[in-house]
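Convention: sequence-line order gives letters A, B, ...; per-chain numbering from 1.
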Protein chains: 2
Amino acid sequence: MHAYVHIVDDDDSFRTALERRLKLAGYRVLTYASARQLLDRLPGDEEAGCILLDVRIPGMSGPELQGRLNELQSTLPIVFLTGYADTATTVQAIKAGAEDFLTKPIASDQLIEAIERAVARHELARSQRARFDSLRALLARLTPRERQVFDLIVCGRINKQVAYELGTTERTIKAHRHQVMEKMQVQSLAELVSIAERLGTRQPGGAVRG
Amino acid sequence: MHAYVHIVDDDDSFRTALERRLKLAGYRVLTYASARQLLDRLPGDEEAGCILLDVRIPGMSGPELQGRLNELQSTLPIVFLTGYADTATTVQAIKAGAEDFLTKPIASDQLIEAIERAVARHELARSQRARFDSLRALLARLTPRERQVFDLIVCGRINKQVAYELGTTERTIKAHRHQVMEKMQVQSLAELVSIAERLGTRQPGGAVRG
DNA sequence: TTTCATATTGTACCTTGGGACAGGCGGCCG
DNA sequence: CGGCCGCCTGTCCCAAGGTACAATATGAAA
């Protein structure tokens, strides 16, 4: 386990001490004195890891950074680590998806436990994200027309209905449908529907009245 | 809005005061002096509502009750309301799905806000649950054989393959398949797959090697 | 201007799905 | 025991999906 731990804290000595502790525990550690710094050298998703984040840091606060990272679709789990914790902030942080909320001083084993949970969650999130993204990539390769056909067939329309709704012929739809199956790398309608369902691109769509 | 608020607190006077406040705010209120009492007269899902729960109550604690209710598949959101809140308990409660975690004394408007959020969430959860349950009910009406056919066709098998895997003929599968579509009240394979996906009864299942 | 991707359409043929109609076998319950 | 249900099976036929082979048109890119 060579997971990255990103420490964001304005207290130099605390940061250094924590860095040393975690390196001894086998982690790769990167430190940041402010939220800004972390955003500037934003860690990607290439490696499993997590963020250890102080609540009160100069400039952008911990929860603010959390919000920003959420906006940026970051999957990096956050473990808050702070001196004083008021209930509202704690609740807000956890609701916003933080993996944990710990108070200083913190026992090493308890911290490591939290980090391990966070890293495990990150690994899970990454793999889910990877699957999701690869499906989205496939979908993105469809031409606009193919995408229209895709949407209709995963809603259960038969070729004839699709042809009617798109103002073309059944033969043409067969061609597009073939392309769709090809590009989405599926052999059956069932798989196609399953993908659509998982990507959330499937609105049941009323039955046709023709 | 005639939502039910279930107050669980061992402090008689607090319970009564809170009950009065909430009734004035238009809620229907039920009070319980212990976790046991609430479990005994367990509120169903018929009406929207939420639970106001103290952390430290005699017998089963707030978080313990929360765990028990989660086991029981309760959808009733919990708003913790307690005098003293340590961080670990707060984090644990929110992670376990509590809607909020407030400390006494609490301003009415803030409490009402939390209750409103909880009730809204309950309404959402109830409607989702209802849809889910109705699908499960349909699925439960399938005979064992039909269920096997269902599982295979939503994985993309064609009749011939299903027949082979179940050691019977294509004709028989057609009959079962017809029954499945009938009982599940769907007109297309797409809808059937969608249901399977939402019910999580669909394991991709490897391609057939025949 | 040539080339490429996209969108379109056609014919012919085969496979798969699905309905209509009809029947057989075995277990469970009143 | 008779009837109901689950399960199985058959034939005929049509509709829908899928493929091979082929071709046209248009706009954008090289």
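With hydrogens and angles left out, the side-chain atoms of Thr90(A) and Thr87(A) include no donor and acceptor closer than 3.5 Å. For the residue pair Glu191(B) and Ser188(B), a side-chain donor N or O sits within less than 3.5 Å of a side-chain acceptor on the partner. A side-chain donor-acceptor contact under 3.5 Å links Arg198(A) and Ser194(A). Remark: the Thr16(B) side chain and the Arg20(B) side chain contain no N/O donor-acceptor pair separated by less than 3.5 Å.
In this structure Arg145(B) satisfies the salt bridge (Lys or Arg N to Asp or Glu O under 4.0 Å) test with no other residue, sequence neighbours excluded.
Remark: side-chain polar atoms of Thr82(A) are not paired, donor with acceptor, to backbone N or O of Ala85(A) under 3.5 angstrom.
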### Task
Mark up nucleotides 3-8 of chain C, 5' to 3', with B wherever a protein heavy atom is under 4.0 angstrom from a base atom, S wherever such an atom reaches only the sugar-phosphate, and - elsewhere.
---SSS
### Message
I need a per-nucleotide contact map over nucleotides 15-22 of chain C, read 5' to 3'. Cutoff is protein heavy atoms under 4.0 Å; write B for the base, S for backbone only, - otherwise.
### Response
-SBBSBB-
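The pair Arg28(B)-Glu47(B) counts as a salt bridge, with a side-chain nitrogen and a carboxylate oxygen less than 4.0 angstrom apart.
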